[in-house]
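Read through the structure below, which is laid out as structure tokens, and then see the notes.
Just so you know, these numbers use all the heavy atoms, side chains as well, and skip hydrogens, waters and symmetry mates. First listed ligand is number 1; within each ligand, the first listed atom is number 1.
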Amino acid sequence: MRIVVLVSGTGSNLQAVIDAVRAGELDVELAAVGADRPGTYGVERSAAAGIPTFVVDFKAYPDRAAWNAALTEAVAGYRPDVVVSSGFMRIVSADFIDAFGGKYLNTHPALLPAFPGAHGVRDALAYGVKVTGCTVHWADAGVDTGPIIAQEAVSVDDGDTEETLHERIKTVERRLLVSTLKSLAAGAKSPN
Ligand code: GRF
């Protein structure tokens, strides 16, 4: 199973995927890592790991449609079976998702459909929930919508800040992402 991973930030979840592949625990081919802006640590760490990287800079295109078309072309060049949005902070068009047969996987640091959007951790904390968590799902063209594959709960502790809570969620999120990719890769190999 070939995967392309899209990042906007540090890519620590991506690092868990890289580590699992290197350790022989996850049988996927990391075809490439792409970002929507230059200078991300996610791309830097991928390049250091010898993974092909690319940037389709959102700000370099006149509009979202032009950026989407360029992103689709760049990703398609790596012929992925699955595209993974791992901290990729842009909404892609339905055309992009269709180009990859709907195989667009997203991770989100909240228990969807609660707290979608760019500030899932902050919003959960502000609401005062005592339990939040993370979700791995097939993404459609909405904001953190689409069929849920896996979820796990994380308790909110007294005194949690957005940072401390997000770090605890990400520990779980990494494991969930790797185990989801393992299941998908195993399914891709099975005769049915
Ligand atoms: C993850 O919690 C992801 O779900 C969210 O941003 C975080 C990405 O972190 N949207 P990293 O770039 O993998 O460190």
Original post:
Does ligand 1 have any atom that is closer than 4.0 Å to a heavy atom of Arg174?
Top reply: no

**OP:** Please verify whether a non-hydrogen atom of Val7 lies at under 4.0 Å from ligand 1.
**Re:** no

[X] side chain to [Y] main-chain N or O, any donor-acceptor pair under 3.5 Å?
| X | Y | value |
| --- | --- | --- |
| Ser179 | Arg175 | yes |
| Thr107 | Ser86 | no |
| Asp144 | Gly117 | yes |
| Trp138 | Ile148 | no |

Closest protein heavy atom to [atom], given as residue, atom name and distance to 0.1 Å:
| atom | answer |
| --- | --- |
| atom 12 (O) of ligand 1 | Gly11 N, 2.7 Å |
| atom 8 (C) of ligand 1 | Gly87 CA, 3.7 Å |
| atom 13 (O) of ligand 1 | Asn13 N, 2.8 Å |
| atom 4 (O) of ligand 1 | Glu173 OE2, 2.4 Å |
| atom 7 (C) of ligand 1 | His166 NE2, 3.8 Å |
| atom 9 (O) of ligand 1 | Lys170 NZ, 3.1 Å |

**OP:** Return the minimal non-hydrogen interatomic distance between Thr72 and Ala99, and the atom names on each side.
**Re:** CG2-CB, 3.7 Å

**OP:** Mind checking whether His108 contacts ligand 1 via backbone (N, CA, C, O), side chain (CB onward), both or neither, at a 4.0 Å heavy-atom cut-off?
**Re:** backbone

Original post:
Are any of the N/O atoms in Ser86 less than 3.5 Å from those in ligand 1?
Top reply: no

**OP:** State plainly whether the residues Arg168 and Asp160 are in salt-bridge range, i.e. N to O under 4.0 Å.
**Re:** yes

**OP:** Hey, can you tell me if Tyr78 and Phe54 have their rings parallel, tilted or perpendicular (30° and 60° cut-offs)?
**Re:** parallel

Subject >> Sub-4.0 Å atoms of ligand 1 with respect to non-hydrogen atoms of Ser12 >> reply: 11 (P), 12 (O), 13 (O), 14 (O)

Original post:
Does Arg90 make a cation-pi contact with Phe58, if we ask for NZ or CZ under 6.0 Å from the ring centre and within 45° of the axis?
Top reply: yes

